[in-house]
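Both counts, for ligands and for their atoms, begin at 1 and track the order of listing. As the structure is a computational prediction, the values presented were derived from the model and not from experiment.
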Amino acid sequence: MPLIALLPGDGIGPEVIAEAVRVLDAAGCALDFQQAAVGGAAYRESGHPLPETTLDLARRADAILFGAVGDPACDTLERRLRPEQAILGLRRELALFANLRPAKLFAELADASALRPEVAAEIDLVIVRELNGDVYFGEKGMRTTPAGRRQGYDVMAYDEDEVARIARVGFETAMARGRTLCSVDKANVLETSQLWRDVVTEIASEYPQVALSHMYVDNAAMQLVRNPGQFDVIVTGNLFGDILSDQASMCAGSIGMLPSASLDSAGKGLYEPIHGSAPDIAGQGKANPLATILSAAMMLRYSLGRAEEADRIEAAVAAALAGGARTPDLGGTLSTSQMGDAVIEALA
Ligand code: NAD
């Protein structure tokens, strides 16, 4: 039976994770769940946001289902002890280099999109973002120019192996969907992007069934709001992916609806909603659990090879929404556990 590390974390994390586990159980997914503290909860228990026991469980597990971390009471701690360091530590220690964020608008929620309903209805895409490189990890610092002015700098760099690795994730993701991949870069200006484009083009020969196109990032930002339906899978670097994935998520509606996966090179992954610990609504039963339930479905699909169970859960979420189930963020009155009930009823 696959071992799943459950890391609920802080704030609404435990509330939404509980619903995802109920749905997985109701769907008959035989999984061995083991739970460990992470974030502020772990800091209070053991003095560290990512204790060795939690990391050890995450290493042994076949996949990790993560809630959220973040606790205002920890905001004055030194940076290495803050809850948010746990997620960065897990990405680093487990070499999770590929971030997958689907953006799909459930038809029933067309009004929640920042776009016109007829444009938003077309959104069904996945952004594959590289997580371990780019300008965030290059040499950086502050210095003084010869003219005596302060200057900040951050070096953007990718080597060809890093690009090839994420490109393959992009092609594989496209193979499992509509076989169309758009690689986003800024090759008209950046050397890093020129290498990116060259390497992605080379890797394309391994995937003759996938139609590859290239797009400059400024155009991609525009096309995402103008005609998002043209995209199937987008692959891009860390910086561009950071921005485009947030943009795409707002096109697709509430933050409480959006799942994500972070994968290593063997397909092991950490699955989490894109939202944080939402301290403003924690403990009130107001959190929308669907992003976490959909993250659990991604886990079945990408790390456990159980696409049919994933399809069933996603269909149950759509059916619950079609039946009118809405938490407060979607304009309704259902509590977190009532939304879980609605999905479980739809599964049946
Ligand atoms: P947030 O995502 O927690 O909340 C933003 C807003 O969205 C809030 O009004 C919140 O109530 C609402 N919201 C979020 N998730 C919701 C859900 N499932 N259902 C209904 N409403 C929901 O972002 P924030 O307020 O900027 O950050 C709060 C804490 O979370 C901070 O400590 C931050 O560092 C942390 N954070 C953690 C992660 C993570 O664990 N990966 C991600 C983002 C933020």
Side-chain angles (χ1 to χ4, degrees), residues 5-20 23 36-44 49-50 54 58 64-92 94 96 99-101 106 109 112 114 129 131 136 241-243 245-246 249-250 252-262 269-296 298-299 317 320-321 325-340 342-343:
L6 283 184
L7 309 184
D10 304 317
I12 62 170
E15 302 168 45
V16 292
I17 286 284
E19 297 313 311
V23 168
V38 72
Y43 174 77
R44 270 190 295 282
L50 183 57
T54 301
I64 300 148
L65 193 55
F66 187 94
V69 288
D71 180 347
C74 296
D75 281 353
T76 51
L77 292 173
E78 58 179 297
R79 189 162 296 281
R80 69 183 183 88
L81 295 178
R82 295 213 194 139
E84 291 82 356
Q85 293 302 311
I87 188 76
L88 301 177
L90 280 165
R91 282 181 187 161
R92 188 178 56 241
L94 302 179
L96 304 172
N99 187 234
L100 270 62
R101 271 211 207 174
F106 287 90
L109 299 180
R129 166 190 169 195
L131 270 188
Y136 298 157
D242 191 359
I243 299 164
S245 58
D246 268 20
S249 61
M250 274 327 288
S254 165
I255 193 168
M257 294 296 305
L258 295 159
S260 77
S262 302
L270 181 148
Y271 298 83
E272 57 171 336
I274 71 159
H275 62 71
S277 58
D280 54 334
I281 57 167
Q284 301 170 36
K286 288 183 181 166
N288 181 348
L290 294 182
T292 311
I293 292 169
L294 293 169
S295 299
M298 287 185 83
M299 174 178 84
V317 167
L321 290 169
R326 301 279 189 281
T327 39
D329 58 306
L330 303 176
T333 57
L334 290 192
S335 69
T336 308
S337 61
Q338 286 170 331
M339 185 58 116
V343 176

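- Residues Arg91 and Leu131 meet the side-chain proximity criterion, which asks for heavy atoms closer than 4.5 Å.
- Not a single N or O atom of Pro279, backbone or side chain, sits closer than 3.5 Å to an N or O atom of ligand 1.
- Taking a distance limit of 4.0 Å, we find that atom 5 (C) of ligand 1 is approached by no protein heavy atom.
- The shortest N/O to N/O separation between Ala278 and ligand 1 falls below 3.5 Å.
- Nearest to atom 41 (N) of ligand 1 by heavy-atom distance, out of Arg82, Glu272, Lys286, is Glu272.
- For the ligand labelled ligand 1, residue Ile281 lies inside the 4.0 Å heavy-atom shell.
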Would Ile255 and Met250 satisfy side-chain contact (heavy atoms from CB on, under 4.5 Å), going step by step from the backbone distance to the final call?
CA-CA 7 Å; Ile255 193 168; Met250 274 327 288; 5.9 Å; no
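- Looking at residues two or more places apart in sequence or on another chain, you find a side-chain contact (heavy atoms from CB on, under 4.5 Å) between Ala296 and Ala20, Leu24, Leu65.
- For the ligand labelled ligand 1, residue Val69 lies inside the 4.0 Å heavy-atom shell.
- The nearest protein heavy atom to atom 25 (O) of ligand 1 is not closer than 4.0 Å.
- Regarding atom 23 (O) of ligand 1, its nearest protein heavy-atom neighbour is Gly276 N, 4.3 Å.
- Closest of all the heavy-atom pairs between Asn99 and Ser262 is ND2-OG, 3.2 Å.
- Protein heavy atom in closest approach to atom 13 (N) of ligand 1: Ile255 CG2, 3.9 Å.
- To the nearest 0.5 angstrom, Ser260 atom OG is 11.0 Å from Leu294 atom CG.
- Scanning all protein heavy atoms for the shortest distance to atom 19 (N) of ligand 1 gives Asn288 N, 2.9 Å.
- Ionic pairing of Asp246 and Arg101 is present here: one or more N-O contacts between side-chain nitrogen and carboxylate oxygen are shorter than 4.0 angstrom.
- In this structure, of Met257, His275, Met339, Glu84, the residue bringing a heavy atom nearest to atom 34 (O) of ligand 1 is Glu84.
- Every side-chain contact (heavy atoms from CB on, under 4.5 Å) that Leu77 has, sequence neighbours left out, goes to Tyr43, Cys74, Leu81, Arg82.
- Taking all atoms of both residues into account, the shortest heavy-atom contact from Pro289 to Glu19 is CB-CB, 3.7 Å.
- For the ligand labelled ligand 1, residue Ser277 lies inside the 4.0 Å heavy-atom shell.
- For the pair Asp329 and ligand 1, the shortest N or O to N or O distance does not fall below 3.5 Å.
- By the definition of a contact as any protein heavy atom under 4.0 Å away, atom 8 (C) of ligand 1 is in contact.
- The closest protein non-hydrogen atom to atom 11 (O) of ligand 1 is Asp280 OD1, 2.8 Å.
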